[in-house]
Protein chains: 2
Amino acid sequence: MSFRTLTERENTILSLIVQSYIHDCTPVGSRTLVRRFGLDLSPATIRNTMNDLEEAGLLIQPHTSAGRIPTSLGYRIYVDELMAPKPLSRKERATIRDAVVGEHSGHIRDAATVLDQTVRALGGLTRLLAVSFEPRLDQGTFEKIELVSLGAGKILAVLTIEKGFLRTIVLELEATVNSEALNETSGILNERLSGLPIKIIRESVRERLRDAVAKDPKILKLIVNSSDDIFASPQEDEGIHYWGTPNILSQPEFADRERMVSLMGALEEKEIIVRVLGGHRQEGGLTITIGEENADGEIKFCSVVASPYVVGEVSGSLGVLGPTRMEYSKLVSIVDYTARIVSEVLGEESTEKDLTDEIA
Amino acid sequence: MSFRTLTERENTILSLIVQSYIHDCTPVGSRTLVRRFGLDLSPATIRNTMNDLEEAGLLIQPHTSAGRIPTSLGYRIYVDELMAPKPLSRKERATIRDAVVGEHSGHIRDAATVLDQTVRALGGLTRLLAVSFEPRLDQGTFEKIELVSLGAGKILAVLTIEKGFLRTIVLELEATVNSEALNETSGILNERLSGLPIKIIRESVRERLRDAVAKDPKILKLIVNSSDDIFASPQEDEGIHYWGTPNILSQPEFADRERMVSLMGALEEKEIIVRVLGGHRQEGGLTITIGEENADGEIKFCSVVASPYVVGEVSGSLGVLGPTRMEYSKLVSIVDYTARIVSEVLGEESTEKDLTDEIA
DNA sequence: GTTAGCACTCGATATATGAGAGTGCCAATA
DNA sequence: TATTGGCACTCTCATATATCGAGTGCTAAC
């Protein structure tokens with residue numbers, strides 16, 4: 001990653017500067033560094049090293065005769081090679097777990113509720129903007145469909161997806177339908193499609209149902225014609241939860257009005273979140289994206305620590321967004337742990353006898 | 001409202017000051033007022049009147065030797081007695097209507113989608129924070145319930161409520177259930193409860209089903225025991241849509257960091273919205289709340305223009321929130337019109353043959 | 001290789017100054 | 001009697017100026 005290997009001293013200095021700057025948001029000078037960390041070197045020596053680091057592109061000076069601050073590349077080196085993840089305290093683990101698991105032990109929550117409470121906890125704990133995506137159900141396996149007549153030609157399709165996820169859709173037919181025809185249709189669908197991944201179904205319903213015969217073919221026809229919607233991947237900008245805008249707006253790096261407004265606008269449009277966190281889904285593990293590494297101009301002052309969570313074949317992602325000056329060593333632990341807990345909680349087959357409110 | 005009747009001149013001056021201040025966000029002085037509006041009076045005369053208005057509590061000076069700005073009470077008089085609602089242009093009406101009605105004429109949207117697009121349009125048009133509540137279904141009339149087995153003891157209850165609103169809930173039973181028993185149960189429920197308001201049902205299910213006999217009584221029992229959830233009024237802080245935080249943050253009155261952060265925090269917690277807009281539901285019509293008239297400290301610099309929308313017996317509300325310095329005369333027209341259109345659109349029985357995605 | 005010393009830079013802070021907009025008051029006016 | 005012109009005064013805002021302090025780069029000495 002770095003185009004030349006840093007010396008031991010350079011590593012130390014870089015690390016200390018990053019830590020100091022993360023803590024203070026103040027450019028750090030040679031003298032301060034020596035004093036604060038009780039270094040056994042003179043400021044002049046530090047200055048020389050700083051100069052080298054600056055030439056290597058890891059530090060910059062906001063202006064002549066100010067201290068140095070890390071560049072994105074500087075943070076990158078720090079994150080990849082220098083920092084040690086900071087373990088969570090028992091209390092922190094408990095905070096996260098309690099929030100994700102939820103208070104009412106007798107009450108099973110759906111994914112939206114779980115993630116909503118998760119981002120609240122995550123935002124509160126990190127004092128940053130916490131973000132999460134609901135799971136993308138179209139990665140999952142189709143279990144079965146039920147068709148319910150709602151009267152006036154409306155039909156409710158209820159899709160059951162592995163691990164207890166549910167998706168409901170209202171379809172409409174001009175003719176009235178009887179429940180017998182609905183049962184027949186759902187029977188055919190379940191027989192032919194059960195156990196297949198949603199994605200596969202979306203691509204191949206037509207062929208799979210081509211030779212199906214039903215007494216009342218118009219329902220089957222409706223299903224096939226609407227299959228893009230029924231077996232759809234959810235809209236990219238749906239199922240996003242976030243929390244902590246005041247946190248992020250309080251950060252000194254957003255004192256600039258312009259920057260703040262553009263960030264908020266980007267958040268509201270959700271494109272940013274989708275682009276930044278969307279790519280993280282179903283990938284390996286926790287990722288850190290720093291400053292200009294984010295393609296989007298609006299958040300080139302921001303970093304993102306994100307991790308996928310996995311529930312069976314279905315997955316989503318969660319993470320935090322904040323200024324590049326963030327406490328990476330702590331955040332990787334927090335985000336990683338949160339993602340694990342969410343995986344765990346959403347993966348539990350609901351065994352409690354209570355009810356979940358899938359839609360408000 | 002005002003504790004003394006204002007003279008003709010006082011009315012004029014107050015009105016002009018309000019208009020000028022709304023336009024400029026600059027305290028307005030006597031000389032400026034005369035020049036800008038070509039008044040046939042000398043600045044000295046205006047000063048006398050201004051002094052009177054200040055004593056009446058309708059104007060204040062930010063500091064000695066600055067111009068005047070209206071107080072909340074000043075705005076109140078203006079809104080109640082002086083201003084004339086500004087009619088919407090054809091184009092503005094079209095903008096609102098198009099957003100609420102939606103683009104795909106062949107696609108029926110659910111309330112959440114409609115309101116989401118509505119607040120976007122409303123926020124964009126007013127350059128303020130637009131807010132809406134989804135309808136409170138528990139004001140509505142229960143049409144029927146369908147019970148669908150999802151396997152593993154899970155049952156999906158689908159409630160149909162007048163005007164095509166839908167509510168689904170997952171219930172859980174330790175035993176497995178057969179569809180016959182479910183049909184029997186839903187039959188009993190529909191027979192006894194159909195046509196009743198949800199609210200009434202919530203209060204009286206027990207009595208109404210006391211003497212009901214079913215071959216498999218445990219499902220009926222589950223329904224009764226879970227009735228608080230099934231026929232619940234939705235959580236106060238659910239079903240809220242808002243859009244336009246960047247708009248509001250760009251307003252000069254939120255240059256103050258502190259104020260901005262506290263407003264954003266309040267918004268995220270949603271309590272503010274609930275308290276401010278929540279009360280407006282099912283009430284007469286459009287309401288305007290100005291500055292300190294809002295009980296909440298966080299938004300004592302804000303005003304709210306809100307209106308209920310009504311769909312049959314069910315209603316919700318929508319409106320805009322912004323600094324007290326807002327263009328009331330225009331906003332009342334916009335909010336009123338938007339509420340009407342939303343009422344209309346949500347009230348339409350869905351006749352299109354297409355499908356709605358009720359849950360993501 | 002490390003360090004002390006020194007001249008220099010530059011942002012931040014405090015202070016002074018003047019311009020401009022506005023006010024209140026009072027005596028003159030129609 | 002209501003209106004007005006005139007005047008002294010107030011207060012903010014913008015600008016200019018001086019000073020302080022943290023920090024730098026460079027060089028010569030250790």
Side-chain angles (χ1 to χ4, degrees), chain A residues 6-14 16-18 20-21 23-71 74 252-253 255-257, chain B residues 5-14 16-21 23-71 74 252-253 255-257:
Chain A
L6 299 182
T7 66
E8 191 57 30
R9 172 174 299 163
E10 284 171 335
N11 277 338
T12 310
I13 303 289
L14 175 59
L16 292 180
I17 289 177
V18 170
S20 176
Y21 185 66
H23 188 266
D24 281 1
C25 193
T26 308
V28 24
S30 51
R31 172 178 269 265
T32 317
L33 200 67
V34 171
R35 263 198 310 227
R36 170 167 308 172
F37 296 98
L39 295 184
D40 218 15
L41 293 168
S42 81
T45 311
I46 306 294
R47 280 205 285 281
N48 291 333
T49 310
M50 280 176 157
N51 219 324
D52 297 344
L53 289 170
E54 185 166 1
E55 267 172 24
L58 310 185
L59 298 177
I60 48 162
Q61 295 178 269
H63 48 263
T64 336
S65 93
R68 261 80 170 195
I69 62 177
T71 61
E253 19 275 281
D256 180 41
R257 219 84 196 304
Chain B
T5 312
L6 299 182
T7 66
E8 191 58 31
R9 172 175 299 164
E10 284 170 334
N11 277 337
T12 311
I13 302 290
L14 176 58
L16 292 181
I17 289 176
V18 170
Q19 286 173 52
S20 176
Y21 186 65
H23 189 266
D24 280 0
C25 193
T26 308
V28 23
S30 51
R31 173 178 267 266
T32 317
L33 200 68
V34 170
R35 263 197 310 225
R36 172 167 305 173
F37 296 99
L39 296 184
D40 218 14
L41 293 168
S42 80
T45 311
I46 306 293
R47 279 205 286 281
N48 292 332
T49 310
M50 280 176 158
N51 219 325
D52 297 344
L53 289 170
E54 185 166 0
E55 267 173 24
L58 310 185
L59 297 178
I60 48 162
Q61 293 178 270
H63 49 263
T64 337
S65 96
R68 261 81 170 194
I69 63 176
T71 62
E253 19 275 282
D256 180 40
R257 219 84 195 305

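Every chain is numbered from 1, with letters handed out A, B, ... down the list of sequences.
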Query raised in the report: Base, sugar-phosphate alone, or nothing: which one does B/R9 contact when heavy atoms must sit under 4.0 Å apart?
Result: sugar-phosphate
Requested in this report: Look at all strands and tell whether A/N51 reaches a base, only sugar-phosphate, or nothing, counting heavy atoms closer than 4.0 Å.
Outcome: sugar-phosphate
Heavy-atom check, side chain of [X] versus side chain of [Y], under 4.5 Å:
{"X": "A/T45", "Y": "A/R9", "result": "yes"}
{"X": "A/L58", "Y": "A/L6", "result": "yes"}
{"X": "B/L59", "Y": "B/I17", "result": "yes"}
{"X": "B/L41", "Y": "B/V34", "result": "no"}
{"X": "B/I69", "Y": "B/V28", "result": "no"}
{"X": "B/P27", "Y": "B/Q61", "result": "no"}
{"X": "A/N51", "Y": "A/R68", "result": "yes"}

Query - Residue mapping more 5' on DNA chain D - nearest nucleotide basis, A/R31 or A/A44 - result: A/R31
Query - Outermost DNA chain C nucleotides near chain A [under 4.0 Å, heavy atoms] - result: C/dT2 to C/dG11
Nearest whole angstrom, please: distance from the [atom2] of [N] to the [atom1] of [X].
{"X": "A/M50", "N": "D/dT24", "atom1": "CE", "atom2": "C1'", "result": "10 Å"}
{"X": "A/L53", "N": "D/dT24", "atom1": "CG", "atom2": "C1'", "result": "15 Å"}
{"X": "A/L33", "N": "D/dA22", "atom1": "CG", "atom2": "P", "result": "16 Å"}
{"X": "A/R36", "N": "D/dA22", "atom1": "CZ", "atom2": "P", "result": "13 Å"}
{"X": "B/R47", "N": "D/dG5", "atom1": "CZ", "atom2": "P", "result": "11 Å"}
{"X": "A/I46", "N": "D/dA22", "atom1": "CD1", "atom2": "C1'", "result": "16 Å"}

Requested in this report: Could you tell me whether B/R36 and B/D24 make a salt bridge, using a distance below 4.0 angstrom between a side-chain N and a carboxylate O?
Outcome: yes
Query raised in the report: Do A/R47 and A/S30 have a side chain donor and acceptor closer than 3.5 Å?
Result: yes
Report task. Taking only heavy atoms on the protein side, list every residue of residues 61-70 of chain A lying under 4.0 Å from any atom of DNA chain D, sorted numerically. Result -> A/Q61, A/S65, A/A66, A/G67, A/R68
